[in-house]
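Note sheet for the following structure.
Keep in mind that this is a model prediction, so the values were computed, not measured. Each chain gets a letter, A, B and so on, in the order its sequence line appears, and its residues count up from 1. Any value given below was found using the heavy atoms of this structure, including those in side chains, with hydrogens, waters and symmetry copies removed.
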Amino acid sequence: MKQKPRVAVFDFADCEGCELQIANLEEEILDLISFVDIVSFREVMKEHSDSYDIAIVEGSIMRPMDEERLRGIRSHAKILIALGACATMGGVNKIRNQWMPEEVKKDVYGDANLKGNELFDVFQTKAINEVVPVDYYIFGCPIDRDEFKSVITAIALGKKPDIPRYPVCVECKKNENICQFELGAFCLGPITRAGCKAICPTHNSPCEGCRGLIKKQDTECVKEVLERYKLSYEDIRRRCTMYNYGRKECSYDE
Amino acid sequence: MKQIVKTITKKDFSSFVNSLINDRTYDVVGVVAKGKRYVFDTLSSAEELQLDYDVTILPPKKYYLPQTETLLKFSLEKPFEGKEIMNDTPRIIIGVHPYDIIALEQTDRHYLDQQQDNFYKKRRESTIIIGVDIKNVSERSFVASMKTNVTDSGFDLLLTDIGTNYAVTIGSEKGNKLLEKYAIVEDASSSDLKKIITVRNAVAKKYRQKVNIDKKNWSSLLVANYNHAIWEEHSDVCMECGSCTMVCPTCFCYDVKDNVSLNLKEGNRVRTWDGCLLKDFTKVGSGEVFREEVKERYRHRFFRKGNYLPERYGFVACVGCGRCGSACLPDIADPCNLINELGHFNSEEDTGKYFIKEETEVLEKGIIHVPRSATIKKIIPFNEIDTLFEIELDDKKPLGHKPGQFVEVSIFGYGEAPFGISTPPGDSPVFEIMVRQVGNVTKKLCLLQPGDKVGIRGPLGNGFDVKTFEGKTMLFTSGGTGMVPMRSLINHILDPKQRDKFKEVIILYGAKRPKEITFMDDVDRWKKVSNVQCELTVDRCEPSECWGGCTGLITALFPKIKADKIDSKNTIAVVIGPPVMYKYVIKCLQTLGVPDNNIYVSLERRMKCGVGKCGHCQMNGVYVCKEGPVFNYGKLKQLPEAFE
Ligand SMILES: Cc1cc2nc3c(=O)[nH]c(=O)nc-3n(C[C@H](O)[C@H](O)[C@H](O)COP(=O)(O)OP(=O)(O)OC[C@H]3O[C@@H](n4cnc5c(N)ncnc54)[C@H](O)[C@@H]3O)c2cc1C
Ligand code: SF4
Ligand code: SF4
Ligand code: SF4
Ligand code: SF4
Ligand code: FES
């Protein structure tokens, strides 16, 4: 039999929530390992190997040492998959890009002397594809397990993964939710990539845009809707800071 | 027909509903509250029912064409196994308003036409509708001015709140039986009957939203304003969110996808709601998007409601429920507002232009979701991207196609894609297709081996009516993969048994590069047949490539046609090629003096169902998969979207 592709899972600056989504596949993990060998996955196993074909990378890049490690991973892997909002677009880790790293450090660690300690040698947060080329993206904070499965099976079958390029509203409407705007809330669903089954509005909280924006915040239609709902550009800018700081529009299409 | 009307006390009605629930034969659904809005949902007791609701967020179409529905289950391990599955329990839907009932009757016209959709049909048959007359008017609804606020058909029972009682109009034998079995009713008195009318009239007066143009005039109003600035003005603020199509009771387009389980052993082919406002709706493998501009997609939706479907089926495909208006954040989706606005600009002059085409007779009745099993016999690569496949149907029956028709080829786990049939008609179960690699299905096909199985649906679409070409000079112009269906037609006409039925045959064939000239064996053979002129050209040719023909665009071949051979009035011209080619070639043909009605083209659009259901292949009101891909240019040229 053909050798199974070897898969390694890595994490950088993140909460490990996306990896947990994979770990939570439970019995289905057995299906997964019927066609891949998982050789490294810190969250669920002790073993580690540097020989792998597919690297699944979670988390954002904060420091020169991260960059170096990521380049190493890229050089081993034939296929690199960015997993979750932190890896695909920087996500919440980019909130701090509003300030210079020195300011942030001072704020967090006060006057502690961190000079020469490379663990604290942070620069402005980067998404994975700002450092190395990425082959596939699995969006979301956290990722959607079904989408993870569909991307993995697509890669295994040699198909292009089917990642929606339409907004969350499509899935939200299919779920027959009352629109958050109608409830007086401010939802990023109309400009955010679908694929999460509109989980937030379905649980009665507005979309925060964790799967990335697919429309610029300053297009005519966005301005029109903001105006109708008595919101300002400042409101949307602030809302988009949570996951989309510094990103005007998703750049991963095609 | 006079309908029988009974009455039931509200208390007895509750017991009736509870006994339906407790019987457990049916999935009993009804209108229930969701926050301040309403939805159809499964009932656990009659108390949950809110029959005085205004409108539900989604229409009851979700029970007939669910958001996501499995069409078939397949195995990736067995050589070929696909099964249609459907295991719905019978259902009773309580509280459907008249406009939603009318919307379902409209959907019947589409899904239960010559090619019936079995899933839809079975659900229609196993569902009982207990309608209810509108009591409270929703803010955006304009049903009164659409005359869809009342209905006398489409329900099994219809309730009208006449005070302490409901009047129950019996609409079908099924409804009657249900009452007999589960309910205590009395005959309605004449004053009860009067009350029904009074109640309906009183509600009809409450509508604030009114459409000022009678719905029978929408069609001509829209046609007269096809190029109006309004489409662009409004669509400038469209979010392309698709909400207007998702919530609409008369929208029924769908996408089809193959999902595979994580063990890579089996999977489902599912269909999901899709909408024409979303950009990917028309995107084809080569990257081209038809109706690329938001403006075009925005306009398409209104034309479909007000012109395309009305001209095809005889009804305006908007029932005035107002759902789209309240779902659209920039508030540009409401047909009532749009039509009223257009009405200001224009008298409803009839321009005589209609953007649809008569329905054509179809070969297969009923949509078959499960393809026929077939075996790949031979694989002949032409170049790095084009490969010829010889395929045999496993039931050994002939495909039974006409030149110009196509098949949907399925690879379970990857999907389905349409391909022109490149062999002439005949009695053989073996036929050929040529595949150019662009995406999932085409790439996977090219990895298969002789002996592997694929699924085949078809032949589909409208092919060439070769009989009508007899006695004519034939001029074939094809570019790129356009040669695939053309070859079927040419070989049919050049068949020694047929040859003398036609006059001169002229074949012009162009490709981008020499290596993309396919079917060279055929070309060489054609050149040897008497009274056949065959000219080839390529766009460009590297010095390293061996090429004896012309270089230049296909139009450069026209001067080579020997003038004495062309009796233009008696020439049939067939043109098949990439979208950009048509405009230029048709100019050349017109210069030659070939009448438009003698020109035939074959068009390509994104396809999913192949049978006029899913909506993807539409150009204006025409389904390319069903009324095409072969069209008469004389008839087609009035469709603005045909050669956009
Ligand atoms: C009537 C007709 C005849 C055709 N004949 C041929 C032929 O003889 N040879 C050939 O190589 N190609 C032909 N095509 C084009 C071929 O169907 C597409 O290249 C193919 O569908 C791409 O599928 P994919 O899965 O590889 O690409 P993807 O990009 O992965 O497409 C996904 C799906 O979108 C739809 N789709 C994408 N592109 C097209 C398209 N161009 N037309 C229709 N649906 C599309 C299909 O449902 C497809 O499965 C024809 C198309 C039509 C409409
Ligand atoms: S709640 Fe958000 S995602 Fe849902 S329809 Fe409204 S805007 Fe769109
Ligand atoms: S609804 Fe928005 S924030 Fe919530 S998971 Fe989906 S994309 Fe992320
Ligand atoms: S177009 Fe709008 S108003 Fe008309 S039926 Fe559809 S959702 Fe209702
Ligand atoms: S609901 Fe409105 S904004 Fe959304 S696609 Fe339809 S017209 Fe455009
Ligand atoms: S309507 Fe589905 S492909 Fe034409």
Residues that B:K34 engages under salt bridge (charged side-chain N to carboxylate O under 4.0 Å, His left out), provided they are two or more places apart |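 B:K34 satisfies salt bridge (charged side-chain N to carboxylate O under 4.0 Å, His left out) with no other residue.
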Selection from B:K279, B:K444, B:K265, B:Q67 maximising heavy-atom pairs under 4.5 Å formed with chain A |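 Most heavy-atom pairs within the cutoff with chain A belong to B:Q67.
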Most chain A-contacting option - heavy-atom pairs closer than 4.5 Å, from B:L262, B:N259, B:D258 =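 Top count of heavy-atom pairs under 4.5 Å with chain A: B:L262.
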Taking atom [atom1] of [X] and atom [atom2] of [Y], what is their separation to the nearest 0.5 Å?
| X | Y | atom1 | atom2 | result |
| --- | --- | --- | --- | --- |
| A:E224 | B:D331 | CD | CG | 9.0 Å |
| A:N175 | B:M246 | CG | CE | 11.5 Å |
| B:I57 | A:K173 | CD1 | NZ | 8.0 Å |
| B:L277 | A:Y166 | CG | OH | 14.5 Å |
| A:E171 | B:T272 | CD | OG1 | 10.0 Å |
| B:N440 | A:D162 | CG | CG | 8.5 Å |

Residue [X] versus chain B: region with a heavy atom under 4.5 Å:
| X | answer |
| --- | --- |
| A:V225 | side chain |
| A:E227 | neither |
| A:V168 | neither |
| A:S150 | neither |

Where on [X] is there a heavy atom nearer than 4.5 Å to chain A: the side chain, the backbone, both, or neither?
| X | answer |
| --- | --- |
| B:K62 | side chain |
| B:K443 | neither |
| B:C238 | backbone |
| B:V247 | side chain |
| B:S261 | backbone |

Give me the atom names and distance for the closest heavy-atom approach of [X] to [Y].
| X | Y | result |
| --- | --- | --- |
| A:L157 | B:Y414 | O-OH, 2.5 Å |
| A:P190 | B:L329 | CG-CD1, 3.5 Å |
| B:W273 | A:K174 | O-NZ, 3.3 Å |
| B:V237 | A:C221 | O-CB, 3.1 Å |

Residues, nucleotides or ligands: over 12 heavy atoms within 6.0 Å of A:E234 CD |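 Buried by this count: over 12 neighbours within 6.0 Å.
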Above 12 or not: heavy atoms from other molecules or residues under 6.0 Å from CD1 of A:I199?
->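 Incorrect, the count does not exceed 12.
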Sub-3.5 Å donor-acceptor pair from the side chain of A:E220 to the main-chain atoms of B:D236, do we have one?
->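 Such a contact is absent between A:E220 side chain and B:D236 backbone.
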Is the backbone of B:G413 close enough, under 3.5 Å, to the side chain of A:K159 for a donor and an acceptor to pair up by distance?
->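 Between the backbone of B:G413 and the side chain of A:K159 there is a qualifying donor-acceptor contact (under 3.5 Å).
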Identify which of A:D31, A:L30, A:V170 forms the greatest number of heavy-atom pairs closer than 4.5 Å to chain B.
->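 Between A:D31, A:L30, A:V170, the count favours A:D31.
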When heavy-atom pairs shorter than 4.5 Å are enumerated against chain B, which of A:I191, A:N177, A:L183 gives the highest number?
->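 Heavy-atom pair counts peak at A:N177.
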Just do the side-chain contact (heavy atoms from CB on, under 4.5 Å) check on B:V260 and A:K149 with the steps written out, would you?
-> CA-CA 9 Å; B:V260 174; A:K149 288 191 274 181; over 6 Å; no
How would you list, by chain and number, every residue that makes a ring pair (Phe, Tyr, Trp, His ring centres under 6.0 Å) with B:F40, sequence neighbours excluded?
->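 Partners of B:F40 under the ring pair (Phe, Tyr, Trp, His ring centres under 6.0 Å) test: none.
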Of all residues at least two apart in sequence or in a different chain, which pass the side-chain hydrogen bond (donor to acceptor under 3.5 Å, both in side chains) check with B:T282?
->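 None.
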Report, by ascending residue number, the residues of residues 18-26 of chain A in heavy-atom contact with chain B at a distance under 4.5 Å; give 'none' if the set is empty.
->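 When heavy atoms of chain B are the reference, residues 18-26 of chain A contributes A:L25 within the under-4.5 Å range.
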